[in-house]
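Just so you know, these numbers come straight off a predicted model, no measurement behind them. Order of the sequence lines sets the chain letters (A, B, ...), proteins ahead of strands, with each chain counted from 1.
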Protein chains: 2
Amino acid sequence: MVTKEKRADAQRNIAAIVDAAIDCLSRDPNASTSEIAKAAGVGRVTLYGHFPSRADLLDAVFLHAIEGGEAALGQVDLTGDPREALTRLIESSWHLVDRFRSLLVAAQDALPPGRIRELHADPMVRVERLIERGRAEGVFRTDLPTSWLVGAMHSVMHGAADEINANRLTPDKAATYITATVLAAFTPPGKPVPAS
Amino acid sequence: MVTKEKRADAQRNIAAIVDAAIDCLSRDPNASTSEIAKAAGVGRVTLYGHFPSRADLLDAVFLHAIEGGEAALGQVDLTGDPREALTRLIESSWHLVDRFRSLLVAAQDALPPGRIRELHADPMVRVERLIERGRAEGVFRTDLPTSWLVGAMHSVMHGAADEINANRLTPDKAATYITATVLAAFTPPGKPVPAS
DNA sequence: AGTAACTCGAACAGTGGTGTTCGACAAGAG
DNA sequence: CTCTTGTCGAACACCACTGTTCGAGTTACT
């Protein structure tokens, strides 16, 4: 270990700051460092002691969120019928998208361009693999690029979050609607859309 | 007319400001009033003379953009096969979404909540009508709410704009991908996805 | 117990925006 | 031609946020 071990209370505070930041930024992507520090029960100076700048903080927070999401998504069973596997994956992904949507906005204009996609790389390949397998088995369409299909799935989930935010959709129905829409969108031309 | 006629040069400047605002905000949603005034070839004071606050300016700009879009969309032929009509509508809508995407972001955190949806009302009903007709004719699915289908279509278009922005998609292919995806997503369960 | 690491609040400087005021000046309308 | 309306730049007050400094106090390691 090149970096010296931080003292116990310092580690505790860092964790508290990151947690508070996720909480605050989820409510308001423009939350100030003052708000976050206060929410963490910590002085603003302490925050800057651990994170040199707001951008550094956001990077750490985003990384933490991604790692948490990865852990959840890693437990999803992706074997068997690709359509059923995708349904399970959407069910899990959806909650993450819904929770961290606002945080993504905060990251978008604070982190250097490309950094977000870089951190999203691992979750991405999981979806890509599943889609590739579905295409090989003939249940997903091959007339559109895989990257487009991944993007479309993301778009629909983000759209659902917006609809909820506007009170035009209740959270309990979201997952059902999303899977119905995505499964249809992924169906190869000429083949029938699977019944829910 | 209750409001007195503005002088000719004032009207000219107002138009110039609105045009410049659309231009600047399309590049950067956080463009300042100084930038906009400069781009309009006008003093900052003049801008505030016509628009009491930044929010008022944004409202006017957004309204102007919507009206322009409405004019373009009004000329689209929505008769005949609903799927072909939807294809034509997407083709036209897509260019608008792509151009005004950034402006929407600017409006989102400057206009009061609900105001954006309020201004989008007219374009909305056009899409809703077409979808309703497609459902009645049995070519669009009825197992999901119309409002959800409208939202999904919007989401996919916005997603396409993001993909272009990240250099993962070229603008010429966008319309094709979007229509292929949306038409599949709108297909009733059990019925075959239309071939492109 | 002693020392190094950490925390805290208050205060400061710097930045970048919004909205206003002033007085001189230009341009359209009648 | 005259008068109203509009324009302009510079300067100002204001606000919210970022990031830093200071000195005094507190907490954890050994």
With sugar-phosphate taken as primed atoms, P, OP1 and OP2 and all else as base, the protein-contact string of nucleotides 23-30 of chain C at under 4.0 Å (heavy atoms; B, S, -) is ----BSS-

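Along DNA chain D, the nucleotide closest to B:A10 and the one closest to B:R44 are compared, and the more 5′ of them pairs with B:A10. Residues A:T46 and B:T33 both approach DNA chain C. Their nearest nucleotides, taken by heavy-atom distance, put A:T46 toward the 5′ side.
Residue B:H50 has no polar side-chain atom (N or O) positioned under 4.0 Å from OP1 or OP2 of D:dG6. Under 4.0 angstrom from either OP1 or OP2 of D:dT7 there lies at least one side-chain N or O belonging to B:N13.
The distance between atom CD1 of A:I14 and atom C1' of C:dA5, rounded to the nearest whole Å, is 12 Å. Atom CG in B:L47 sits about 12 Å away from atom P in C:dT20, given to the nearest Å. One can place CD of A:E35 at 12 Å from P of D:dA16, the figure rounded to the nearest angstrom. Here D:dC17 presents its P atom at 11 Å from CD1 of A:I36, a figure rounded to the nearest Å. Residue A:Q11 contributes atom CD, which lies 11 Å from atom P of C:dT7 at whole-angstrom precision. Counting to the nearest Å, the C1' atom of D:dA10 and the OH atom of B:Y48 are 16 Å from each other. A straight line from CG of B:L25 to P of C:dG17 spans 13 Å, rounded to a whole angstrom. If you measure from atom NZ of B:K38 to atom P of C:dG16, you get 13 Å, rounded to the nearest angstrom.
A salt bridge links B:R27 with B:D23; the closest basic N to acidic carboxylate O contact falls under 4.0 Å. Using a 4.0 Å cut-off between charged nitrogen and carboxylate oxygen, A:E118 and A:R115 count as a salt-bridge pair. With respect to the salt-bridge test (charged N to carboxylate O, under 4.0 angstrom), the residues B:E163 and B:R101 do not qualify.
Where the helix from C:dA1-D:dT30 to C:dG30-D:dC1 starts and where it ends, the local axes point in directions that differ by 30°; five pairs per end, rounded to 10°.
At a threshold of 4.5 Å between side-chain heavy atoms, the hydrophobic network of Ile, Leu, Val, Met, Phe, Trp and Tyr places A:V105 and A:L57 in two separate groups.
Counting only N and O atoms by type, the side chains of B:W148 and A:T181 include a donor and acceptor under 3.5 Å apart.
Note: B:H120 and B:F62 meet the aromatic proximity criterion, with ring centroids under 6.0 Å apart.
For A:S32, taking side-chain heavy atoms from C-beta onward, the closest of the listed nucleotides C:dT18, C:dC8, D:dC17 is D:dC17. Listed nucleotides: C:dT18, C:dC22, C:dT7. Nearest to the side chain of B:V45: C:dC22.
With A:R83 as the fixed residue, the side-chain contact (heavy atoms from CB on, under 4.5 Å) test singles out one of A:L183, A:T187, A:V182, A:T179: A:L183. Partner B:L73 forms a side-chain contact (heavy atoms from CB on, under 4.5 Å) with one of B:D122, B:L78, B:L89 and no other, that one being B:L89.
No donor-acceptor pair closer than 3.5 Å links the side chain of B:R141 to the backbone N or O of B:L149. Side chain of A:R88 to main chain of A:D77: a donor-acceptor pair is present (N/O by atom type, distance under 3.5 Å, no hydrogens or angles).
Judged by atom type and distance alone, A:R54 does not reach the base of D:dG19 through any side-chain donor-acceptor pair under 3.5 Å.
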